Amino acid sequence: MDKDAVAEVLKEIGVLLELKGENPFKTRAYVNGARTLEGLTEPLETLIQEERLGEVKGIGKALVEKITELVETGELEYYTNLKASIPAGLIEMLDVQGMGPKKVKALHDKLGIESIEALEAACEAGQVAELDGFGKKSEEKILESIAFKRQHASHHHRHKMLIAAEPILDDLRSHPDVIRCDIAGSLRRGKEVSGDIDFLVSAKDSADIIEAFTTRDGILSVLAAGGTKASVLLEGGIQADLRVVEDSEFASALAYFTGSKEHNIVMRQRAIDRGLRLNEYGLFKSTEETRDPELRLDCKTEEDIFAALDLTYVPPELREDRGEFDAAENGDIPRLIEWTDLKGSLHNHSNWSDGHESLEEIAEHMSGLGLAYWAVTDHSKASFQANGLDEARVEKQLKEIAAVNQKLKDAGNSFRLLSGIEVDVLKKGLDFEDDLLAQLEVVVASLHVAGSDEKDNTKRLIAAAENPHVHMLGHLSGRLLLERAPQKLNQQAVIDACAETGTWIELNANPYRLDLDWRHWQYAKSRGVKCVINCDAHRAEHAGFLRIGTAIARKGWLAKEDVVNTLPLKQLKKQLAKKRN
DNA sequence: GCCGTTTTCGGCCCGACTGTTTTCAGTCG
């Protein structure tokens, strides 16, 4: 079992223990352990073999034993027994608004409720309101939440959130009463999916801002509206929250509402260690509960707060308690990549396979955006459903790309199309022979049809990485966010193979993929593996994915020099030639 | 369950809100 699968088991143990009513700090220890595993920059197998796993902070004796059992046998008796003792439906019930472990447990103990359906029926029958700690209102809220969950997905892809959020942000910023305004929450942290959009505003007077926010076009319903906060439901079932604060509180409120929760916990502990207290209202010279302005340190910006806690600034994308505190203490926070650093994309499609535009149209559009190059990597013949190219069509397309480039050159335009292929990684090997691949400037190898055997899938991808003509692996895990889980695969083993062979790994910037996942990039970077942020564009407007992919790369701690397609064309070509030599 | 030059036991982040309560437990972010 690989470390991600182990982490998933530990997280589930945490949830199960909560439902059992275990000590909350014990449940947290499991969740912390899971997150620690995800962030390891050394292979888990090595740590186990060398008996160094227990030296990792957050992993003690009990977790070492359990993790070792999982890695070595793929199973864990403790987990199997725990799972068997708790009905699966209880976990699902935690997703209902207002339902936490205690309430789920009470409903199970007293009414024998084990599923959302049973919960709904009990509410409708009025049984829930009879219980201690519940009432008529609880019953109504539970029914409302179940209905809402059925109608709307609980999370939304990043591009949908940005499209919904940015016009609102613009309007808030142009409101005369608004002093400062920003998006907070997971959207600001660059997360691949978010549950809601958080807006933070500082203003002298909040009433008019709340009014404007709750009455704008495109709002399905107002969920709550008070003096300083409001929640609305936008079209598409997206929830948006607004919080208005005093300008003197803006920095601490922005830090607080940006999170993550885990990051905030460490920040507050650092404050305590220095005899201070940090909350959303400020950083105070007191360890007692206070909002006294006299005791408040003057922090106008988030930078000031970090500085007061002896840290350099931590960009929002890194605030996940995955090593940012050590780095910020030592001045080792990298200068993260900006999307304007990118010069092109190396995995894209045209109307030769399942893309929308012709080669000429693509060149015109991408050149117009100010990019320097754009690789055309249509599907190979095994992807029949996508109109994949056979050998003869590849040869023909090569000539057409040369013709388009000649035209650009004659017109004095330095933009270039690069020839290429997204070659299928099949059970028997790559879909094309080496001599054909050698003729193409960019070769992306992608596993489109994975088997059910983890070892076999892993082996196939490692073999692809070992091919000297393959520059990079495309959308490694094959996941579709909120739709399809990753393929059965030992991603760490594939990353190791890429490190050894000098193969790049794509960060597929399609908002449904964002694959390789940001959680793996710190490890890949530590092994010296280079990243390529690719649009996997099927339409010209997909060039905009570069911005989303960059947010994920930043979350993975990547700097400009870690990403190959920040290079100008000449240097990129040199790097492309490197592996083949 | 984890952690520790003030500790191997007794801590473990913080505040608001909600609905249920006469003072608070549970949930949420």
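Here is how names work: the chains are called A, B, and so on, in the same order as the sequence lines, proteins then strands, and each is numbered from 1. Bear in mind the structure is a predicted one, so any value in this text is a computation, not a measurement.
Here A:Val31 lies out of heavy-atom contact (under 4.0 Å) with every strand. Nucleic acid contact for A:Arg277: sugar-phosphate only, since backbone atoms but no base atoms lie under 4.0 Å from a heavy atom of the residue. Nucleic acid contact for A:Glu22: none, since no nucleic acid atom lies under 4.0 Å from a heavy atom of the residue. Residue A:Ile272 is classed as a sugar-phosphate contact, given heavy-atom separations below 4.0 Å to backbone atoms only. Looking at heavy-atom distances under 4.0 Å, A:Pro101 makes contact with sugar-phosphate atoms alone, never a base.
Rounded to whole Å, the P atom of B:dG1 lies 28 Å from the corresponding atom of B:dT6. Using atom P as the reference point in both B:dC28 and B:dT22, the two lie 23 Å apart (nearest Å). Taking atom C1' in both B:dT20 and B:dC14, one finds a spacing of 23 Å when rounded to whole Å. Spacing between B:dC2 and B:dT8 at atom C1', rounded to whole Å, works out to 12 Å. Rounded to the nearest Å, the gap between the C1' atom of B:dT23 and that of B:dT18 is 15 Å. A gap of 26 Å separates the P atoms of B:dG15 and B:dG10, to the nearest Å. Distance noted for atom P between B:dT27 and B:dT21: 15 Å (whole Å). With P as the reference atom, B:dG4 and B:dC13 are 14 Å apart, rounded to whole Å.
Looking at A:Asn279, its side chain does come within 3.5 Å of a backbone N or O of A:Gly282 through a donor-acceptor pair. Under the 3.5 Å distance criterion, the side-chain polar atoms of A:Glu324 are matched with a main-chain donor or acceptor of A:Glu320.
Residues A:Gln269 and A:Leu17 each lie close to DNA chain B; by heavy-atom proximity, the contact nearer the 5' end of the strand is made by A:Leu17. Each of A:Val56 and A:Val104 was matched to the nucleotide of DNA chain B holding its nearest heavy atom; the match closer to the 5' end belongs to A:Val56.
Classification of B:dT7 as syn follows from a glycosidic angle within 90° of 0.
Applying the 4.0 Å criterion to OP1 and OP2 of B:dG1, one finds that A:Lys66 has a side-chain N or O inside that range. OP1 or OP2 of B:dG15 lies within a sub-4.0 Å distance of a side-chain N or O belonging to A:Asn279. Contact check, A:Tyr30 against B:dC2: no side-chain N or O comes under 4.0 Å of OP1 or OP2. Taking 4.0 angstrom as the limit, A:Lys103 places none of its side-chain polar atoms (N or O) nearer than this to OP1 or OP2 of B:dG26.
Here the nucleotide nearest the side chain of A:Ala62, chosen from B:dG1, B:dG15, B:dC13, is B:dG1. Side chain of A:Ala29, nearest nucleotide from B:dG29, B:dT27, B:dC2: B:dC2. Comparing B:dG15, B:dC13, B:dG1 by their closest approach to the side chain of A:Glu280 singles out B:dG15.
No side-chain N or O of A:Lys488 forms a donor-acceptor pair with one of A:Thr458 less than 3.5 Å apart. If you check the side chains of A:His175 and A:Asp208, you find a donor sitting under 3.5 Å from an acceptor.
The aromatic rings of A:Tyr313 and A:Phe306 lie perpendicular to each other, with more than 60° between the two planes, well past the 30° mark. Using cut-offs of 30° and 60° on the angle between ring planes, the pair A:Tyr78 and A:Tyr30 is parallel.
Between A:Phe545 and A:His159, the ring center distance fails the sub-6.0 Å criterion.
Here B:dC17 sits opposite B:dG26 as a Watson-Crick or G-U wobble pair (both hydrogen-bonding atom distances under 3.5 Å).
Residues from residues 128-141 of chain A that place a heavy atom under 4.0 Å from any atom of DNA chain B, listed by number: A:Gly133, A:Phe134, A:Gly135, A:Lys136, A:Lys137, A:Ser138, A:Lys141.
If you take CE of A:Met93 and P of B:dG26, they are 16 Å apart, rounded to a whole angstrom. Remark: C1' of B:dA25 and CE of A:Met99 are 15 Å apart, rounded to the nearest angstrom. Note: CG (A:Asp241) to P (B:dA16) measures 17 Å, nearest angstrom. Here B:dG1 presents its P atom at 10 Å from CD of A:Glu65, a figure rounded to the nearest Å. We find that CG of A:Leu107 is positioned 19 Å from P of B:dA25, with the value rounded to whole Å. Atom CG in A:Leu242 sits roughly 16 Å away from atom P in B:dG29 (whole-Å rounding). The nearest whole Å value for the distance from the CD atom in A:Glu249 to the C1' atom in B:dC14 is 15 Å. One atom, CD1 of A:Ile183, and another, P of B:dG29, lie 18 Å apart when rounded to the nearest Å.
Taking only distance into account, the side chain of A:Tyr256 never meets the base of B:dG15 through a donor-acceptor pair shorter than 3.5 Å. Side-chain atoms of A:Asn23 and base atoms of B:dG1 include a donor and an acceptor less than 3.5 Å apart.
A salt bridge links A:Glu166 to A:Arg547: one of the charged nitrogens lies within less than 4.0 Å of a carboxylate oxygen. Between A:Arg527 and A:Asp496, at least one side-chain N (NZ, or NE/NH1/NH2) sits under 4.0 Å from a carboxylate O, which counts as a salt bridge.
Dense packing is recorded around NZ of A:Lys11, with more than 12 heavy atoms of other residues, nucleotides or ligands lying under 6.0 Å away.
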